[in-house]
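Below you'll find the structure, written out as structure tokens, and then a few comments.
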2 protein chains.
Amino acid sequence: MRLLLVEDERRIAADIASALAAAGYVVETVRDGEEAWFRGDTEDYGAVILDLGLPGMDGLAVLKRWRSNGRHMPVLILTARASWAERVDGIDAGADDYLPKPFRMEELLARLRSIVRRTAGHSSSVVSAGDIMLDERQMKVSVRGVPIALSPLEYRLVAYLLRHRGRVLSQHELDENVYGHGEDHDSNALEVLIGRVRKKLGPDLIETRRGFGYLVPETPA
Amino acid sequence: MRLLLVEDERRIAADIASALAAAGYVVETVRDGEEAWFRGDTEDYGAVILDLGLPGMDGLAVLKRWRSNGRHMPVLILTARASWAERVDGIDAGADDYLPKPFRMEELLARLRSIVRRTAGHSSSVVSAGDIMLDERQMKVSVRGVPIALSPLEYRLVAYLLRHRGRVLSQHELDENVYGHGEDHDSNALEVLIGRVRKKLGPDLIETRRGFGYLVPETPA
DNA sequence: AATGACCTGACAATTGGCTGACATGGATCA
DNA sequence: TGATCCATGTCAGCCAATTGTCAGGTCATT
């Protein structure tokens with residue numbers, strides 16, 4: 001699972017990141033509010049760990065802005081300022097949980113598991129484009145009602161494409177979100193993957209924008 | 001909304017109860033673990049506020065027993081003992097949130113709102129999927145009316161799967177909820193368990209989603 | 001027509017999951 | 001105490017699905 005860690009103190013960030021990595025998460029770290037907001041708004045993370053004491057935009061403001069933009073990923077707030085008023089603010093701003101510093105890494109992991117577990121399957125769950133329907137809860141894809149079996153990678157690709165339909169997605173962006181890493185550009189794995197998906201779901205779902213990337217057109221209601 | 005408040009100190013209990021009442025909840029108060037367990041097991045509450053330091057049965061034990069009996073109401077744990085290890089235990093025992101004493105009433109209310117909001121839309125004691133019926137009160141499973149004996153672990157697995165049918169459940173999530181802990185990932189115990197359950201309940205109940213986990217499909221009414 | 005971007009089919013290495021057999025350890029009972 | 005049973009974990013081998021790679025192809029743009 002891919003996580004966004006928002007923490008400005010390098011040492012703390014590094015500690016947390018390595019613990020999370022050891023627990024099997026893919027972690028991206030950012031250090032200021034602006035950047036955090038942008039990432040959280042444009043990328044898909046399984047959860048966000050958000051420090052409140054940030055340079056740039058304040059953590060709570062970032063969170064509120066995500067929520068009002070319809071971004072519902074689970075958010076765990078982290079802060080040294082442990083006043084009760086702030087905890088209330090955090091929870092009412094849409095945080096899923098709240099962890100005062102200092103804390104044990106075990107507790108961070110437990111709470112993270114907990115919020116991820118809780119929010120699994122709260123996402124709006126069914127997306128469609130053209131003849132294709134994607135049910136994110138069941139991880140099922142169907143074409144005109146006929147269910148189609150997809151491999152894990154194929155599914156991740158389709159899910160990402162459909163969630164961001166109506167936008168041109170660069171190969172780099174897809175690489176990053178389908179595989180966990182940036183790109184190895186001496187491989188055409190992604191192109192092959194696209195091909196496989198087209199073979200299963202039909203050639204019309206994914207349009208190629210030569211030189212730019214791929215596009216799943218928005219279906220007019 | 002009807003709440004169960006489990007707290008042995010009369011003054012604290014009275015304070016909380018009146019604050020909750022003022023906020024519009026209907027509150028029932030009990031003072032010891034045994035009684036708490038019995039009430040929580042037989043009555044339906046919108047949420048439970050559970051103190052851990054109890055005479056009679058320990059709060060955590062009460063919670064675990066509820067959960068293993070399939071009682072899913074949201075539970076907010078309350079305790080003076082604020083060690084991190086205990087918080088982890090509480091969350092892993094199935095608590096929805098955790099509030100260390102002392103706290104402000106506002107924070108209690110905020111957290112309560114939060115867990116109630118999150119768990120909206122759960123509960124009922126008989127679940128079915130396909131030919132399988134699970135009665136959580138009696139901890140009984142039957143296939144087309146024929147009761148099937150399951151071992152404790154098998155039961156926990158089936159109960160968790162059925163409660164969350166219609167969603168793909170990762171091996172990690174199952175590990176966490178069937179065994180009490182995160183995983184020893186060099187063991188295929190879960191796979192073996194799945195196999196055993198399939199042998200008893202038939203091969204069609206649990207679908208494998210290679211690379212993602214398992215799914216008990218929702219039965220269309 | 002040249003260029004570079006993209007597509008495709010084949011192939012092999014790897015992985016993930018299933019199964020049967022066995023080991024362990026606790027409970028029960030004579 | 002010892003015999004036995006049951007629940008559960010471990011292990012090794014098996015099989016099939018998955019996926020990266022590569023070697024050409026095709027296509028749009030200049």
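Only a predicted model underlies this, so the values are computations on that prediction, with no experimental measurement involved. As a basis for the values below, the full set of heavy atoms in this structure was taken, side chains included, without hydrogen atoms, waters or symmetry mates.
- Among the nucleotides C/dC6, C/dC7, D/dT8, the one closest to any side-chain atom of B/Ser151 is D/dT8.
- Phosphate contact (OP1/OP2 of C/dC7, side-chain N/O of A/Lys199, threshold under 4.0 Å): absent.
- Atom CD in A/Glu207 sits roughly 15 Å away from atom P in C/dC6 (whole-Å rounding).
- The existence of a salt bridge linking A/Arg2 and A/Glu28 is confirmed by a sub-4.0 Å separation between a basic side-chain nitrogen and an acidic carboxylate oxygen.
- Protein atom CD1 of A/Ile206 is 13 Å distant from nucleotide atom C1' of C/dC6, rounded to whole Å.
- Salt bridge absent: B/Glu154 and B/Arg196 never bring a charged side-chain N and a carboxylate O closer than 4.0 Å.
- Atom-to-atom, CD of B/Glu154 to C1' of D/dG9 comes out at 13 Å; the value is rounded to the nearest Å.
- Within the 4.0 Å cut-off from OP1 or OP2 of D/dT21, at least one side-chain nitrogen or oxygen of A/Ser187 is found.
- For A/Tyr179, the side-chain atoms get nearest to D/dG20 when compared with the rest of D/dC27, D/dG20, C/dC18.
- In this structure, A/Arg198 atom CZ and C/dT8 atom P are separated by 7 Å, rounded to whole Å.
- Phosphate proximity of C/dG16 to B/Gln171: absent, as no side-chain N or O sits under 4.0 Å from OP1 or OP2.
- Where B/Leu150 and A/Arg210 meet DNA chain D, the nucleotide closest to each residue was compared, and B/Leu150 sits on the side nearer the 5' end.
- In this structure, the nucleotide among C/dG4, C/dC18, D/dT19 sitting nearest to the side chain of B/Thr208 is C/dC18.
- The side chain of B/Val192 approaches C/dG20 more closely than any other nucleotide in the set C/dG20, C/dA5, D/dT21.
- Distance, B/Leu193 CG to D/dT10 P: 13 Å, rounded to whole Å.
- Annotation: the span from A/Arg10 atom CZ to A/Arg31 atom CZ amounts to 4.0 Å, rounded to 0.5 Å.
- For the pair B/Asp204 CG and C/dC18 P, the computed distance is 14 Å after rounding to whole Å.
- Among the protein residues, A/Tyr155 comes within range of no part of the nucleic acid, since none of its heavy atoms lies under 4.0 Å from any strand.
- Ion pair A/Glu136/A/Arg163 flagged as a salt bridge, since at least one NZ, NE, NH1 or NH2 atom sits closer than 4.0 Å to an Asp/Glu carboxylate oxygen.
- In this structure, the nucleotide among C/dG17, D/dT8, C/dT8 sitting nearest to the side chain of B/Pro152 is D/dT8.
- To the nearest angstrom, P of C/dC18 lies 12 Å from CZ of B/Arg209.
- In this structure, the nucleotide among C/dG17, C/dC7, D/dG9 sitting nearest to the side chain of A/Tyr214 is C/dC7.
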Which pairs would a plain distance check flag for residues 127-134 of chain A, meaning a side-chain donor or acceptor within less than 3.5 Å of a matching protein atom at least two apart in sequence or in another chain?
from, atom 1, to, atom 2, distance (Å)
A/Asp131, OD2, A/Arg144, NH1, 2.8

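- Under a 4.0 Å N-O distance rule, the pair B/Glu35/B/Arg39 qualifies as a salt bridge.
- Regarding A/Ile148, its CD1 atom lies at a distance of 13 Å from the P atom of D/dT18, rounded to whole Å.
- Heavy atoms of A/Arg196 sit under 4.0 angstrom from at least one base atom.
- The side chain of A/Asn188 lies closest to D/dC22, out of D/dA28, D/dC22, D/dT8.
- Closest approach to the B/Glu191 side chain among C/dG9, C/dC18, D/dC27 is made by C/dC18 (side chain taken as heavy atoms from C-beta onward).
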